[in-house]
J.: 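One structure coming up, written as structure tokens, with questions to follow.
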Amino acid sequence: MKNLLKITVVALILVLFVDHGNAQLNMGVKLGINLSSMPGYSDYTHYKMDQTQTNWTVSDYSIADIFLPHIGAVVQYTFPLNFFVQPELLFSLQGCNEKTSDGSNKIWLGYLKLPIYAGYKIQTSDKMNILLGVGPYAAYGIEGSDRAFGDNGDFKRFDAGISALVGMEYKQIQLNAAFDRGFVDQMGVSDWQSIKKENSLPDVYNQTIKLSLAFFFR
């Protein structure tokens, strides 16, 4: 995970400070929707239910994906031969939806998120391109629901992972879909590592499918 963070930092430095030669620079805004999930969190919650002897049973409890928004800024460098680098700075809401016999509870986590994509544009016409890209991301949690971050929260603030992107550009508009997979175990509760090992529990990580619309100012 430390290597992934180093890759993200190095990639950002290269994007910002290396001489881009004949690269074309475009900046814009981006907004969209996340389909967010937290694999592994239901296993932790089932463990916690067993320990506290809650009135719920395992069959009463489930975790569902949740739709939440993201918004931010995007920069794109297009190089000769149609290669591109695209860093983004997003405010991204993620999490999951707990469902119990008593109803549902939305767990939402608000991150400042920095994905950096590198990829290739397939030119289909003078005004349209297909984009394929992949790269690392880093994120930091700044706010959330009552059990999100902080001294009494369940989750760590820092996250990092990898993201893959496919999209379409037409003139100044970009429509894309991306898949983010976190590599950082997000549980921030005390003694989590020993609890996980003793009870054979999986890592809890962020996983997000993003659908976004970006508009570039040329």
Side-chain angles (χ1 to χ4, degrees), residues 1-20 23-38 66-79 83-95 108-121 129 131-145 148-150 155-169 171-184 186 205-218:
M1 194 283 297
K2 291 182 179 179
N3 290 333
L4 182 63
L5 179 58
K6 291 178 181 177
I7 292 171
T8 304
V9 173
V10 170
L12 181 60
I13 291 172
L14 289 174
V15 167
L16 294 178
F17 297 108
V18 170
D19 182 7
H20 299 101
Q24 179 183 351
L25 170 63
N26 293 306
M27 295 181 289
V29 294
K30 184 174 189 176
L31 75 160
I33 193 77
N34 297 326
L35 177 60
S36 179
S37 61
M38 299 191 75
I66 188 171
F67 285 100
L68 291 166
H70 62 263
I71 188 170
V74 55
V75 177
Q76 186 187 83
Y77 297 94
T78 304
F79 297 88
F83 291 101
F84 75 92
V85 175
Q86 183 169 302
E88 303 174 357
L89 182 60
L90 306 174
F91 177 66
S92 180
L93 291 181
Q94 300 168 200
W108 60 271
L109 314 171
Y111 292 95
L112 282 180
K113 194 168 189 178
L114 175 66
I116 303 175
Y117 299 103
Y120 183 73
K121 295 185 178 185
N129 298 303
L131 285 76
L132 301 173
V134 66
Y137 79 80
Y140 186 79
I142 57 175
E143 64 175 324
S145 54
F149 308 117
F155 305 106
K156 297 176 182 175
R157 289 187 182 273
F158 179 74
D159 187 25
I162 192 166
S163 183
L165 175 143
V166 59
M168 179 183 68
E169 283 184 343
K171 295 183 178 180
Q172 297 167 255
I173 297 174
Q174 182 186 111
L175 177 65
N176 63 56
F179 175 76
D180 297 353
R181 205 286 194 185
F183 291 153
V184 179
Q186 288 298 293
Y205 59 90
N206 281 314
Q207 184 169 284
T208 309
I209 298 173
K210 299 182 296 188
L211 183 63
S212 309
L213 180 68
F215 180 81
F216 289 94
F217 310 103
R218 298 186 185 276

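Just so it is clear, the structure is predicted and the values come from calculations on it, not from any experiment.
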J.: Can you give me the closest heavy-atom contact between Asn129 and Leu131, atom names plus distance?
T.: O-CD1, 3.8 Å

J.: Are side-chain heavy atoms of Lys113 and Ser163 found at a separation under 4.5 Å?
T.: no

J.: List the residues meeting side-chain contact (heavy atoms from CB on, under 4.5 Å) with Phe216, not counting sequence neighbours, and say none if there are none.
T.: Asn26, Val74, Gln76, Gln86, Glu169, Gln174, Ala214

J.: For the atom pair CG (Asp180) and CD1 (Ile162), what is the distance rounded to the nearest 0.5 Å?
T.: 10.0 Å

J.: Search all heavy atoms of Pro115 against all heavy atoms of Leu90 and return the closest pair with its distance.
T.: CG-CD1, 4.5 Å

J.: Which pair of non-hydrogen atoms, one from Gly110 and one from Leu93, has the smallest distance, and what is that distance?
T.: CA-CD2, 3.6 Å

J.: With respect to Asp159, which candidate in Tyr140, Tyr205, Tyr137 satisfies the side chain to side chain donor-acceptor pair (under 3.5 Å) definition?
T.: Tyr137

J.: How long is the gap from CD1 on Ile116 to CG on Leu89, to the nearest 0.5 Å?
T.: 10.5 Å

J.: Considering non-hydrogen atoms only, spot the tightest contact between Phe84 and Gly133 and give its length.
T.: CZ-CA, 4.3 Å

J.: Within a strict 4.5 Å, meaning less than it, do heavy atoms of the Trp108 and Glu143 side chains meet?
T.: yes

J.: Rounded to the nearest 0.5 Å, how far apart are OG of Ser212 and CG of Leu31?
T.: 8.0 Å

J.: Can you tell me if Phe215 has over 12 outside heavy atoms packed within less than 6.0 Å of its CZ?
T.: yes

J.: What residues form a side-chain contact (heavy atoms from CB on, under 4.5 Å) with Ser36, not counting sequence neighbours?
T.: Ile66, Gln94, Thr208

J.: Heavy atoms, side chains only, cut-off 4.5 Å: are Asn206 and Tyr111 in contact?
T.: yes

J.: Would you call Asn34 and Ser92 a side-chain contact if the rule is heavy atoms closer than 4.5 Å?
T.: yes

J.: Would you compute the distance between atom NZ of Lys30 and atom CD1 of Ile71 and round it to the nearest 0.5 angstrom?
T.: 12.0 Å

